[in-house]
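This report refers to the structure that appears directly beneath it.
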Amino acid sequence: MSLSNAPINHPFWWDDAGLQQASIALPFSDFPDTIETLVVGAGYSGLSAALTLAKAGRDVVVIDAKSIGYGCSSRNGGQIGPSFHKLGVKGLTTAFGEKTAHNILHESMKSLDFLQSRIQNEGIECDLQSEIGRFKGASRAHHYGETARANEDLAKAVGLEFEMIPKEKKSAGIGSNFYHGGAIYPQDGLLQPAKYVLGLAGRCAQEGVKIFAPAPVHAIRRDGNTFTAHIENRTITAKQILIATNGYSGPELPFYHHRIMPLRSAIIATQPLDKALVASLFPNGRPVVDTSRLVLYYRPSPDGTRIIFGGRAFDLSDRPDKYAPDLHRLMTRIFPALQNVEISHAWSGTVAYTFDHSPHIGQNDGLFYTMGYCGSGVGRATYYGHKAALKMLGHKGGKTALDGLEFPNKALYSGTPWFLPAVLRWNSFMDRLGR
Ligand SMILES: Cc1cc2nc3c(=O)[nH]c(=O)nc-3n(C[C@H](O)[C@H](O)[C@H](O)COP(=O)(O)OP(=O)(O)OC[C@H]3O[C@@H](n4cnc5c(N)ncnc54)[C@H](O)[C@@H]3O)c2cc1C
């Protein structure tokens, strides 16, 4: 495996989208002193919120510490689906009671619909492939039955559509002998993540939203009914602020920094391959996830010439020298035909894990926030960003099933998940043992 002259930590999506930030992001010298509504974080959450706010007539400024979509929103796998809570129907019911559990599951389904209608209604060109389906491979034999039972629970609770594919029929799901069968979810699909975030930013700009990047916020203070924010070398006043910094929430935002575990997820992209080979590995162009403890997720590129292959990285910092060979090895275990295929891009991002596996939306000390999508947030960030905006507008449509859930932290956790590399290695070991 070699990274053929690839720039380090440079998503394939950026090249594919021809990332043109400059035409949308404004220079910091034009930054106003007083702002009606400030959104911190220019990913799907922040931009979806800004779009809803601007359409309701609000004056909105969005800032990002780095660039538009710099965080997860231009780095992810682009797989879209309902993003169900990790606890499943039974676990959610035990944790929150039947009614809240039902509402949370329903919202997962709604977030996918909302994402697709937002893209279509706003005319965002992002290689959306709705309802091409997704294959979930059973990494161990016993995972097949467990997946079938979990799917049946979801079908009863919220009408999830699925089809179980036994190992003998596996070619319906994936061109590989690796899995013990699996499930196809026909409602799921794909998009090009960087095109989507740039498209959202473009629509925001057309609605009058001002986006400044790079413009890091260093501190926010509450002053009665307004807020003072220190951005770059300026002090500005805002009436309302939304924090949409997700897995990139730093110590400058301590409430969020102490509640979010930034977990590194990494992706490699292959050099262009023969289209017929890629098509033979991904029947109908369907993306794949699996049931491993350290989930693998992969798909063809929108033009069908490359494989985009993702999984967990063990280091807290970005170490493509470690995760790229690791992902290449996993990819060739599943697709031995790719043994000599070269990698053109390797990159990573930090997904926002929470201590209760749930996203959180609400208000703390007057600041609005939405974040914590636990690695599955293309739809949920778009949906909850919109909901956060409705809350800021005082609109009753801003209610969500997550309202009122405590946003938990843990004693002694101060924002650096030093324990994660050990936890991930343990899970990797258990995956190898087949547990
Ligand atoms: C490698 C990877 C693969 C993934 N694959 C999938 C997938 O296939 N499907 C799926 O549904 N989800 C996936 N996800 C998760 C999904 O991408 C995220 O849940 C979603 O993009 C979150 O959007 P967001 O706007 O909340 O956060 P982000 O896009 O992370 O945006 C947060 C922004 O806040 C900015 N920021 C932070 N601090 C400050 C500050 N002090 N001042 C100003 N700005 C600040 C950051 O620069 C960043 O741009 C993946 C994530 C990763 C990393």
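Because the structure is predicted, anything quoted here is derived from the model rather than measured. Counting convention: from 1, in listed order, for ligands and their atoms alike.
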Does a donor on one side chain sit under 3.5 Å from an acceptor on the other, for Y373 and N246? no
Between side-chain atoms of residues 279-288 and protein atoms elsewhere (two or more places apart, or another chain), which donor-acceptor pairs fall under 3.5 Å?
unit_1, atom_1, unit_2, atom_2, d
S280, OG, L277, O, 2.6
R286, NE, I132, O, 3.4
R286, NH1, A172, O, 2.8

For D59, is there an ion pair with K210 - N to carboxylate O distance below 4.0 angstrom? no
Suppose we screen for side-chain contact (heavy atoms from CB on, under 4.5 Å). Which residues come up paired with P251, at least two apart in sequence or across chains? H257
Restricting to salt bridge (Lys or Arg N to Asp or Glu O under 4.0 Å), what partner residues turn up for D403, sequence neighbours left out? K391
Per-pair distances, ligand 1 N/O vs protein N/O, less than 3.5 Å:
unit_1, atom_1, unit_2, atom_2, d
ligand 1, 5 (N), G77, N, 3.0
ligand 1, 8 (O), G77, N, 3.4
ligand 1, 8 (O), G78, N, 3.4
ligand 1, 8 (O), Q79, N, 3.1
ligand 1, 9 (N), Q79, O, 2.8
ligand 1, 11 (O), G377, N, 3.0
ligand 1, 11 (O), V378, N, 2.9
ligand 1, 12 (N), G375, O, 3.4
ligand 1, 12 (N), G377, N, 3.0
ligand 1, 14 (N), G375, O, 3.4
ligand 1, 17 (O), C72, O, 3.4
ligand 1, 17 (O), N76, ND2, 3.2
ligand 1, 19 (O), G377, N, 3.4
ligand 1, 21 (O), S73, N, 3.4
ligand 1, 21 (O), S73, OG, 3.0
ligand 1, 23 (O), S73, OG, 3.2
ligand 1, 25 (O), Y44, N, 3.0
ligand 1, 25 (O), S45, N, 3.0
ligand 1, 26 (O), S45, OG, 2.7
ligand 1, 29 (O), C72, N, 3.3
ligand 1, 29 (O), S73, N, 2.9
ligand 1, 29 (O), S73, OG, 2.6
ligand 1, 30 (O), C72, N, 3.0
ligand 1, 38 (N), Y248, O, 3.3
ligand 1, 41 (N), V217, O, 3.1
ligand 1, 41 (N), E252, OE2, 2.7
ligand 1, 42 (N), V217, N, 3.0
ligand 1, 44 (N), A65, N, 2.9
ligand 1, 47 (O), D64, OD1, 2.6
ligand 1, 49 (O), D64, OD1, 3.3
ligand 1, 49 (O), D64, OD2, 2.6
ligand 1, 49 (O), G71, N, 3.1

Classify the side-chain pair R118/T52 by whether it contains a donor and acceptor separated by less than 3.5 Å. yes
